[in-house]
Amino acid sequence: MTAKSPLEYFPAPRRSHFCSQCGSPVNRRVPEGDNRERDICDHCGAIHYQNPRLVVGTVPVWENRILLCRRAIEPRYNTWTLPAGFMELGESTAQGAARETLEESGAKIQLGDIYTIIDVPQIEQVHVFYLAQAVGPELDPGPESLEARWYDESEIPWDDLAFRTVASTLRLFFEDRKRGTFGPHHYTLESHR
């Protein structure tokens, strides 16, 4: 799979222009009894709420090595990440994390406890990573990964990690491993200015 050019990569818009209920144009204003602007249909009265998106994933371990996947998709094509992605409707965070791990790496895992919950308000997301133990070293990356690989701590490609949430989760993991106790950790990643 080849990388998409920036002109081909369009993240889903967060702002509605037309009502998903009746197709009429929407207006942005504070609805009665609310405290922030929403997209509102003046024709049918529907209020279109936008809420943070959940990204779920795992920190898979096999014989003290961490699983990373090299991204075959934008954003951040050709950089390394923990297996993770957007949670789907109808699944729990745990189910989504396990699904994403299997889809992106082919790794079979036993899911552990929630490890990091990271608020990323500037991009309207919350990232949730679970600890995971691989049941074997076998990998079979799916179409969203160029490759998947087990890394020793000394081999982690820190300068080629895709996202700050991945880097911060890995740093915490290695610190916790030295202490012999693991999370959970909850924090906010502020925007770079």
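Here the structure is a predicted model, which means the values were calculated and not measured. Count residues from 1 along the sequence.
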| query | Where do Cys22 and Cys41 land on the side chain to side chain contact (heavy atoms under 4.5 Å, CB included) test, with the steps shown first? | reply | CA-CA 9 Å; Cys22 72; Cys41 178; 3.5 Å; yes
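- In this structure, OG1 in Thr79 is found 8.0 Å from CG in Leu161, a value given to the nearest 0.5 Å.
- In the hydrophobic clustering of this structure, Leu189 groups with Trp80; members are Ile, Leu, Val, Met, Phe, Trp, Tyr whose side-chain heavy atoms approach within less than 4.5 Å, directly or through other members.
- Atom NE2 of His43 sits in a sparse spot, with 12 or fewer heavy atoms from other residues, nucleotides or ligands closer than 6.0 Å.
- Atom CD of residue Gln122 and atom OG1 of residue Thr188 lie 9.0 Å apart, to the nearest 0.5 angstrom.
- Listed for the Ser92 side chain is a donor-acceptor partner under 3.5 Å among the backbone atoms of Gln95.
- Remark: Arg171 is not positioned above the aromatic ring of Phe173, lacking an NZ or CZ atom under 6.0 angstrom from the ring centre and at most 45 degrees off the axis.
- Asp39 and His17 form no side-chain donor-acceptor contact under 3.5 Å, judged by distance and modelled atom types alone.
- Comment: Asp160 does not engage Arg76 in a salt bridge, judged by the lack of any side-chain N to carboxylate O separation of less than 4.0 angstrom.
- Atom CD of Glu37 is separated from atom CD of Gln50 by 13.5 Å, given to the nearest 0.5 angstrom.
- The structure places CD1 of Ile109 at 5.0 Å from CG of Leu111, a figure rounded to the nearest 0.5 Å.
- Pro52 and Val126 make their closest contact through CB-CG2, 4.4 Å (heavy atoms, listed as atom of the first residue, atom of the second, distance).
- Dense packing is recorded around CZ of Arg179, with more than 12 heavy atoms of other residues, nucleotides or ligands lying under 6.0 Å away.
- Residues Thr169 and Ile118 are in side-chain contact: their nearest non-hydrogen atoms beyond the backbone lie under 4.5 Å apart.
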| query | Are His48 and Cys19 close enough, and set up right, to give a side chain to side chain contact (heavy atoms under 4.5 Å, CB included), and what steps lead you there? | reply | CA-CA 8 Å; His48 301 275; Cys19 179; 3.4 Å; yes
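- Side-chain atoms of Glu100 and Phe86, non-hydrogen and from C-beta on, never get closer than 4.5 Å to each other.
- In summary, the side chains of Asp152 and Asn64 do not present any donor paired with an acceptor at a separation below 3.5 Å, with no hydrogens or angles considered.
- Looking at heavy atoms from C-beta onward, Leu146 lies in side-chain contact with Tyr77 at the 4.5 angstrom threshold.
- Rounded to the nearest 0.5 Å, atoms CZ (Arg38) and CG (Asn27) are 15.5 Å apart.
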| query | What's the verdict on salt bridge (Lys or Arg N to Asp or Glu O under 4.0 Å) for Asp42 and Arg29, showing C-alpha distance, side-chain angles and the deciding distance? | reply | CA-CA 11 Å; Asp42 291 325; Arg29 67 175 186 279; 2.8 Å; yes
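- Ion pair Glu155/Arg65 not flagged as a salt bridge, since none of the NZ, NE, NH1 or NH2 atoms sits closer than 4.0 Å to an Asp/Glu carboxylate oxygen.
- Hydrophobic clustering, with ILVMFWY side chains joined whenever heavy atoms are under 4.5 angstrom apart, groups Leu172 together with Val61.
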| Between His127 and Asp119, is a side-chain hydrogen bond (donor to acceptor under 3.5 Å, both in side chains) present by the stated rule, with each step listed? | CA-CA 7 Å; His127 293 206; Asp119 299 319; over 6 Å; no
| query | Can His185 and Asp176 be said to form a side chain to side chain contact (heavy atoms under 4.5 Å, CB included), step by step? | reply | CA-CA 10 Å; His185 302 277; Asp176 284 357; 2.6 Å; yes
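- Leu131 and Tyr187 fall within a single hydrophobic cluster, where Ile, Leu, Val, Met, Phe, Trp and Tyr are joined by side-chain heavy atoms under 4.5 Å apart, directly or via other members.
- For CD of Glu91, the number of neighbouring non-hydrogen atoms (other residues, nucleotides, ligands) closer than 6.0 Å is greater than 12.
- Counting only heavy atoms from C-beta outward, the side chains of Val166 and Phe129 approach each other to under 4.5 Å.
- Cluster annotation: Leu54 and Val120 are assigned to distinct hydrophobic clusters (Ile/Leu/Val/Met/Phe/Trp/Tyr, side-chain heavy-atom contacts under 4.5 Å, transitive).
- At least one donor-acceptor pair closer than 3.5 Å links the side chain of Ser168 to the backbone N or O of Thr165.
- Trp62 and Trp150 have tilted rings, their planes meeting at an angle from 30° to 60° on a 0 to 90° scale.
- Comment: Glu144 does not engage Arg70 in a salt bridge, judged by the lack of any side-chain N to carboxylate O separation of less than 4.0 angstrom.
- Remark: side-chain polar atoms of Gln110 are not paired, donor with acceptor, to backbone N or O of Ala132 under 3.5 angstrom.
- In this structure, CG in Leu68 is found 11.5 Å from CD in Glu104, a value given to the nearest 0.5 Å.
- Looking at Ser16, its side chain never comes within 3.5 Å of a backbone N or O of Phe18 through a donor-acceptor pair.
- Two residues are said to be in side-chain contact when any heavy atoms from C-beta on lie closer than 4.5 Å; Pro184 and Thr116 fail this criterion.
- Screening Thr58, Thr93, Asp113, Thr101 against Tyr130 for a side chain to side chain donor-acceptor pair (under 3.5 Å) leaves a single residue, Thr93.
- Ile123 is not connected to Ile73 by any chain of hydrophobic side-chain contacts under 4.5 Å among Ile, Leu, Val, Met, Phe, Trp and Tyr, and they are in different clusters.
- Panel note: side chain Arg99, backbone Ala94; no donor-acceptor pair is recorded below 3.5 Å.
- Shortest non-hydrogen contact noted between Ala148 and Pro141 is N-CG, 3.7 Å.
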| field | Verdict with supporting geometry, Ile66 and Leu82, side chain to side chain contact (heavy atoms under 4.5 Å, CB included) | value | CA-CA 9 Å; Ile66 301 292; Leu82 291 165; 4.0 Å; yes
